[in-house]
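Written out below as structure tokens is the structure these notes cover.
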Protein chains: 2
Amino acid sequence: MTITLSAPRRVQASDAAATALKLYVVLARAQRAISEHTETDLAAHGLTITEFAILEALYHKGPLLLGEVQRKILVSSGGITFLVDKLADRGLVERKLCATDRRARYAALTRKGEALMDEVFPGHAEAIREAMAGLSRADQKKATALLKQLGLAAAADAKR
Amino acid sequence: MTITLSAPRRVQASDAAATALKLYVVLARAQRAISEHTETDLAAHGLTITEFAILEALYHKGPLLLGEVQRKILVSSGGITFLVDKLADRGLVERKLCATDRRARYAALTRKGEALMDEVFPGHAEAIREAMAGLSRADQKKATALLKQLGLAAAADAKR
DNA sequence: ACTAAGCATCTCACTACTAAGATAATAGAT
DNA sequence: ATCTATTATCTTAGTAGTGAGATGCTTAGT
């Protein structure tokens with residue numbers, strides 16, 4: 001017992017950093033490995049993850065203001081303009097005026113965009129399920145709880 | 001009990017996908033929130049995460065072949081050339097010939113690069129520790145174990 | 001009404017890469 | 001020795017964004 005107590009503080013601090021560093025590395029690597037699966041799946045349909053994220057938001061929530069989409073998928077204001085332009089060029093999304101605010105624009109799926117999502121979404125959900133299959137469902141739930149806590153705390157801390 | 005048993009298989013499968021999808025979302029968000037902290041910390045020293053990753057590898061392992069660095073930090077072959085060029089322009093890294101293979105080049109920290117890492121590394125480890133502080137150390141270890149398992153399985157599955 | 005402040009979106013210049021292919025060197029088989 | 005396949009790095013063109021600032025619209029205070 002005295003052995004533990006005699007350990008200097010500095011070692012405690014560096015141990016804590018080492019623990020955090022390990023988590024940092026495996027977090028980055030896991031995210032990357034999973035992303036590679038989902039990117040590959042979507043590339044088969046000619047979509048990037050970000051493009052899919054936009055389509056998915058509109059698919060499940062209906063028309064959204066550009067700013068709402070932007071906050072949801074976490075890109076810059078320039079980025080959302082660029083991405084919606086590209087999706088509009090391909091006829092998957094269209095801009096609509098907002099009746100109550102003439103500054104604002106809605107993004108909405110076209111019929112073609114909706115049809116694409118009908119086709120792509122179930123397979124993509126399945127691809128994610130397969131990518132996560134290295135963990136049992138119980139462990140997936142544990143990991144989800146831990147990562148949610150971690151992410152929320154880190155995001156809150158960033159805002160200060 | 002008969003209620004549980006009477007549930008159709010299809011619902012089970014879609015439940016599994018829903019579990020995986022939740023994990024997918026929190027994984028991406030946590031990684032992003034943490035990255036924002038580490039990016040901010042490194043930007044104060046004029047470094048990106050990728051540049052730091054190269055310097056860190058050389059700092060702790062000594063000179064490495066460009067290909068070794070590339071595999072370690074997971075960038076393309078063009079990317080490692082570009083990144084080492086930039087670091088070399090700033091005098092932090094230098095290329096050295098390989099005595100036994102004239103195709104190969106070592107990347108090595110210059111004295112200036114080493115001095116920079118002496119200055120930057122401890123603070124960065126501390127910034128990571130703070131970014132992870134939303135989780136107790138015990139939970140950090142749990143998360144590390146789960147993510148390691150997840151990442152290794154996903155990476156192995158990608159290779160097939 | 002008028003003005004100041006704040007927003008939503010867009011434009012533009014730039015950055016950090018990737019991917020494909022070129023170049024040069026090496027290793028193995030004949 | 002020579003040819004082939006492989007490997008290590010570099011070059012080039014293109015992509016998916018970011019960030020600062022511009023524009024046009026709205027809201028609140030006076």
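Lettering of chains follows the sequences in order, A, B, ..., and the numbering in each one begins at 1.
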Closest to the 5' end of DNA chain C, once T50(B) and R95(A) are matched to their nearest nucleotides, is R95(A)

Under 4.0 Å between any heavy atoms, over every strand shown, what does I80(A) touch: base, sugar-phosphate, or nothing? Just pick one.
-> nothing

Under 4.0 Å between a side-chain N/O of R102(A) and OP1 or OP2 of dG24(D), yes or no?
-> no

Is E94(A) salt-bridged to K112(A), going by a charged N under 4.0 Å from an acidic O?
-> no

To the nearest Å, how far apart are Y106(A) OH and dA8(C) P?
-> 12 Å

Could you state the CD-P distance from E68(A) to dC7(C), rounded to the nearest angstrom?
-> 15 Å

Atom CG of L74(B) to atom P of dA16(C): distance rounded to whole Å?
-> 19 Å

Rounded to the nearest angstrom, tell me the gap between atom CZ in R71(A) and atom C1' in dT9(C).
-> 12 Å

Would you indicate which nucleotide in dC17(C), dG6(C), dC10(D) comes nearest to any side-chain atom of R103(A)?
-> dG6(C)

For G67(B), which contact category applies under a 4.0 Å heavy-atom criterion: base, sugar-phosphate, or nothing?
-> sugar-phosphate

Write down the distance between CG (L83(A)) and P (dT11(C)), rounded to a whole number of angstrom.
-> 14 Å

Looking at R129(B) and E126(B), does any basic side-chain N land under 4.0 Å from a carboxylate oxygen?
-> yes

Between S77(A) and T48(A), name the one whose nearest nucleotide on DNA chain D is closer to the 5' end.
-> T48(A)

Between L64(A) (CG) and dA8(C) (C1'), how many Å, whole number?
-> 15 Å

Choose from dT18(C), dT9(C), dT9(D) the nucleotide whose nearest atom is closest to any side-chain atom of A104(A).
-> dT9(C)

Selection from dA16(D), dA16(C), dT11(C) that lies nearest to any side-chain heavy atom of F82(A) = dA16(D)

Toward the 5' end of DNA chain C, by each residue's nearest nucleotide, T100(B) or D101(A) = D101(A)

Distance, rounded to the nearest Å, where L65(A) contributes CG and dC7(C) contributes P | 15 Å

dA16(C) OP1/OP2 closer than 4.0 Å to side-chain N/O of K86(B) = yes

Verify the ring-centre separation between Y24(B) and H37(A): is it less than 6.0 angstrom?
-> no

Whole angstrom is fine here: how far is it from CD in E39(B) over to C1' in dT18(D)?
-> 11 Å

Got a sec: does the CZ of R29(A) have more than 12 other heavy atoms crowding it under 6.0 Å?
-> no

Side-chain donor/acceptor contact of R105(A) with base of dT9(C) under 3.5 Å = no

Enclosure of F121(A) CZ (heavy-atom neighbours >12, cutoff 6.0 Å) | yes

